Amino acid sequence: MWRAGRAAVACEVCQSLVKHSSGIQRNVPLQKLHLVSRSIYRSHHPALKLQRPQLRTPFQQFSSLTHLSLHKLKLSPIKYGYQPRRNFWPARLAARLLKLRYIILGSAVGGGYTAKKTFDEWKDMIPDLSDYKWIVPDFIWEIDEYIDLEKIRKALPSSEDLASLAPDLDKITESLSLLKDFFTAGPKLVSEVLEVSEALLLLGSPGETAFRATDHGSESDKHYRKVSDKEKIDQLQEELLHTQLKYQRILERLEKENKELRKLVLQKDDKGIHHRKLKKSLIDMYSEVLDVLSDYDASYNTQDHLPRVVVVGDQSAGKTSVLEMIAQARIFPRGSGEMMTRSPVKVTLSEGPHHVALFKDSSREFDLTKEEDLAALRHEIELRMRKNVKEGCTVSPETISLNVKGPGLQRMVLVDLPGVINTVTSGMAPDTKETIFSISKAYMQNPNAIILCIQDGSVDAERSIVTDLVSQMDPHGRRTIFVLTKVDLAEKNVASPSRIQQIIEGKLFPMKALGYFAVVTGKGNSSESIEAIREYEEEFFQNSKLLKTSMLKAHQVTTRNLSLAVSDCFWKMVRESVEQQADSFKATRFNLETEWKNNYPRLRELDRNELFEKAKNEILDEVISLSQVTPKHWEEILQQSLWERVSTHVIENIYLPAAQTMNSGTFNTTVDIKLKQWTDKQLPNKAVEVAWETLQEEFSRFMTEPKGKEHDDIFDKLKEAVKEESIKRHKWNDFAEDSLRVIQHNALEDRSISDKQQWDAAIYFMEEALQGRLKDTENAIENMIGPDWKKRWMYWKNRTQEQCVHNETKNELEKMLKVNDEHPAYLASDEITTVRKNLESRGVEVDPSLIKDTWHQVYRRHFLKTALNHCNLCRRGFYYYQRHFIDSELECNDVVLFWRIQRMLAITANTLRQQLTNTEVRRLEKNVKEVLEDFAEDGEKKVKLLTGKRVQLAEDLKKVREIQEKLDAFIEALHQEK
């Protein structure tokens, strides 16, 4: 009430001043009067008629042309004159002025108080924003130091530039006035022209009228009657398209400047201006979830329904080119007509300050602005594809994960699949076509996957294979986006342009889609840059009849519009489905945890990698145990193993031939020669083999030895594989044989037995060796002649005919040895004849070779028994040995030979033991570590060696937990972004 009273008083004063002003004429602009005074002014001057300004349409309110200069309303100045009265006006004026003084003073004081009170109320209503300063990044407050805002303002188009882009409204108005009367042939044609005219009028200045009156209607009618309907429509459409393209260029220029500014801001972040820790972007978090899912189960048995954009198409339809245009880089290998995409490639697009690409399992960044890095990236992708493809196959279901970052990239996840083929050509595996179909179906059957169906526009639509496949997976077209590539070639080659429109509208295919797009991905030259392709695409659609004739809408062309549409559809699908997927993984986790508690209540949940680390530590502990083996144990097993390896050669090739000689001199000479040959050629190598085999046996014993309750049989296959691979890689030192040869040669040359104890040890060693040979010989004879009478009676065994012949031959040969105990080792030919005739006289037919074989075993047994008897006699021959057997018929040179062999074995075992403990055990331990490191990097090897329900259950549990955690973090970030 107080405010209203104050305004009324002020208006009354203003009115009185106007009425009773002096005789001087003045111009009072209406805009300078009080708001209420203006209304009073109008009421006192009814002759004054103000022109009402035009109402603005909604388009004009939000158009970029709204800041153009408006036509200001001009009001005619009003002159006020003096009207004389017959009263005392000076006194009355003074009284009113004195009254006005109090009114003004009171109004000032009251108004100031009211204003202060209102300001305080508003101030109290405003929330305290000091607690929310952390929301605004630090660099925003200093952005004027790094960005020239004045330069940006100058770069923006002025109102005059935007006004110059407006079409000629006079010409359009005249055209419409004639077209309203002229087009009567069809209501459809008239409605199209009116739509075009309305769109053009909306681009005009707000101060202009839609149509202007003209005084030359008759002349215009005559002029437009000469112009055909078709030419006029073409002219209007040409002007509309030209105007749209102009505005499109302005928008692209502004977007480019915005892109540069964002890049600059992101670069400043990288340099440390923005000190707060940056969180991972949403798309990076989502891509990590998909990577974990891909590692968890590549066959999609886990019902992975998380969205991704699946790019499918016929081979050479331009899938890769569309992806490269979206990623703004030529990142994929290329080939003329050859299948280049041999495995799925998951490309994660995200925004960043630099245009780079990197693989999931590598830290190397490829700079996509450099041609050298682009070539290296294409080569690396090709190598990974060929590595994924197994032998005998053409394609692989294993996914290659690639992240591409850059300023202005739309955030989404795309999967490029191998192109669908119709025929298997030479060089391909027979099942290539079926494999590609199965891979494509595995990705497309995901109900939340967005299918980006690529169709080559330069070939006949009837030859398409992929459209049938897509229509099977998404019959209602609720998640399919159709893209027609190579439209420039299609426009040149297709006789009827309406056929392209039918393809775009999906009338030639059984499939349905969310949207239809037409793109141009270059002129077919692989060396074209992305910028050149984009310019060519814009130039083509600017001049294309497809747009001019309205077969295609402006939002249906260019890869830029396609990228925006796919990104919007992708994120819409993500927001609608991600929480449902998180709930399903929570249920899966609960089921797995319950199963583990019921089956393995006392065991920790160790996945495959953790089990491998545990087994690795156990294996390394067992290898270290080799160094704790005592020297005595090493020498005993080495000496025993070496004698088992060389005993046959010593007795058969050295002792027996030398024992056939007639005197000690010849015996010693023969022994020395054969020992020298044996040492030079065979003995060192045999000794090293024995040592290596002994090391393997001890290593295997430690690896396979049960550990009692602590033994876990889940590691048995891994330990066996590590043992075999380590042994295969281990090689004995090559210089060991040379040093060992010298040591063995010196040991065998020594004939001096120093004491009786060594003499007795040599006799014992000789007896043990000969008894072992005698036992083997008697077993051979028993197998030759068959069971004796005792076994025949007790075990009901009979001899074969051949055994009977051998038995008769043996008896005949034993008679010969009884006659001559010192018979030589070989039978003479007359002796063989005599034995054969004696056997034939008893009705036994024998062959001379059978007689020789039987004689070898019979004489061997006779010789070994004689040697053992001689060895018994030499037990007391040490005294004669010290006197070199002078004045004695006893000769014990064979005992000296076995002592030399025994001493060589002991020295060799000691040398090999030193080499084992000092060198070879450490080298074996190093090999084991290398094998374990190689196995740790080979995932397939670990899967093969660490198997079982327990391992698989722990693996599933770990992966599901990881997936759920990442999904929860992604959902939280998604809600925060909303």
Side-chain angles (χ1 to χ4, degrees), residues 285-308 346 360-361 397-399 401 438 441-443 445-449 574 577-619 706-722 932 935-972:
M285 297 172 69
Y286 187 76
S287 179
E288 287 180 359
V289 174
L290 295 182
D291 288 337
V292 176
L293 279 171
S294 177
D295 296 338
Y296 177 43
D297 192 354
S299 62
Y300 294 92
N301 292 331
T302 57
Q303 298 299 317
D304 169 24
H305 292 165
L306 289 174
R308 68 263 282 165
K346 181 176 75 68
K360 178 190 71 172
D361 54 354
E398 296 183 21
T399 305
S401 183
S438 64
K441 288 181 179 179
Y443 277 91
Q445 69 185 2
N446 178 1
N448 296 322
V574 168
S577 60
V578 67
E579 293 189 1
Q580 181 181 357
Q581 290 299 301
D583 293 338
S584 66
F585 278 106
K586 286 180 183 178
T588 304
R589 174 180 175 177
F590 176 78
N591 295 336
L592 292 175
E593 288 177 345
T594 304
E595 184 177 359
W596 181 273
K597 290 177 182 178
N598 293 333
N599 293 321
Y600 312 103
R602 297 183 179 181
L603 294 178
R604 289 192 299 121
E605 300 167 2
L606 299 178
D607 60 9
R608 188 170 279 111
N609 292 330
E610 293 170 336
L611 287 172
F612 182 83
E613 289 298 322
K614 183 179 179 181
K616 177 181 177 181
N617 295 330
E618 288 188 8
I619 293 171
K707 304 298 186 299
K709 294 182 179 180
E710 297 180 358
H711 178 70
D712 196 344
D713 56 359
I714 204 169
F715 300 142
D716 291 345
K717 291 176 67 176
L718 176 61
K719 290 182 178 180
E720 185 66 23
V722 171
L932 288 172
F935 283 7
E937 296 176 357
D938 191 348
E940 294 182 359
K941 185 76 71 175
K942 287 192 287 188
V943 171
K944 182 179 179 181
L945 298 177
L946 292 173
T947 57
K949 179 181 178 181
R950 169 183 154 196
V951 182
Q952 191 60 44
L953 186 58
E955 279 286 306
D956 293 346
L957 192 54
K958 177 189 174 183
K959 290 292 184 182
V960 169
R961 283 174 178 166
E962 185 179 2
I963 293 168
Q964 183 191 345
E965 291 172 359
K966 290 185 178 295
L967 270 176
D968 291 342
F970 173 74
I971 293 171
E972 182 180 357

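Keep in mind that what you see is a predicted model, and the values were worked out from it rather than measured. Sequential numbering from 1 along the given sequence is applied to the chain's residues.
Between Glu593 atom CD and Leu953 atom CG the span is 10.0 Å, to the nearest 0.5 Å. For the atom pair Lys959 NZ and Leu592 CG, the distance stands at 14.0 Å (nearest 0.5 Å). Rounded to the nearest 0.5 Å, atoms CD1 (Ile714) and NZ (Lys719) are 12.0 Å apart. Taking NZ of Lys614 as the start and CZ of Phe715 as the end, the distance is 5.0 Å to the nearest 0.5 Å. Atom CZ of Arg589 is separated from atom OG1 of Thr594 by 11.0 Å, given to the nearest 0.5 angstrom.
Remark: Asn448 engages no residue in a side chain to side chain donor-acceptor pair (under 3.5 Å) (not counting sequence neighbours). For Lys346, the side chain to side chain donor-acceptor pair (under 3.5 Å) partners two or more places apart in sequence, or in a different chain, are Ser287, Asp291, Thr348, Ser401. Every residue was checked against the side chain to side chain donor-acceptor pair (under 3.5 Å) condition with Glu965, not counting sequence neighbours, and none meets it.
Summarising the local packing, CD of Gln580 is surrounded by 12 or fewer heavy atoms from other residues, nucleotides or ligands at distances under 6.0 Å. Applying the 6.0 Å contact sphere to OH of Tyr600 captures more than 12 heavy atoms from other residues, nucleotides or ligands.
For the residue pair Asp956 / Gln952, a side-chain donor-acceptor distance below 3.5 Å is found, with atom types taken as modelled.
Here the side chain of Tyr443 pairs no donor or acceptor atom with the backbone of Arg308 at under 3.5 angstrom. The closest donor-acceptor contact from the side chain of Thr947 to the backbone of Lys944 lies at 3.5 Å or more, if one exists at all. In terms of modelled atom types and a separation under 3.5 Å, the side chain of Arg608 and the main chain of Glu955 share no donor-acceptor contact. Without hydrogens or angle criteria, Lys942 side chain to Ala936 main chain gives a donor-acceptor distance under 3.5 Å. Here the side chain of Glu613 pairs no donor or acceptor atom with the backbone of Glu610 at under 3.5 angstrom.
Taking every heavy atom of both residues into account, Phe585 and Leu967 meet most closely at CD1-CD1, 3.8 Å. Trp596 and Arg950 make their closest contact through CZ3-O, 3.5 Å (heavy atoms, listed as atom of the first residue, atom of the second, distance). The shortest non-hydrogen separation linking Ala954 to Leu606 is CB-O, 3.1 Å.
Salt bridge annotation for Arg961-Glu605: present, with a cationic side-chain nitrogen under 4.0 angstrom from a carboxylate oxygen.
When Asn598, Asn599, Asn591 are each tested for a side-chain contact (heavy atoms from CB on, under 4.5 Å) with Glu595, only one passes: Asn599.
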Given Leu306 and Tyr286, is the side chain to side chain contact (heavy atoms under 4.5 Å, CB included) satisfied, shown in steps? CA-CA 9 Å; Leu306 289 174; Tyr286 187 76; 3.5 Å; yes
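When side chains are defined from C-beta on, Lys586 counts as touching Asp583, because their heavy atoms get closer than 4.5 Å.
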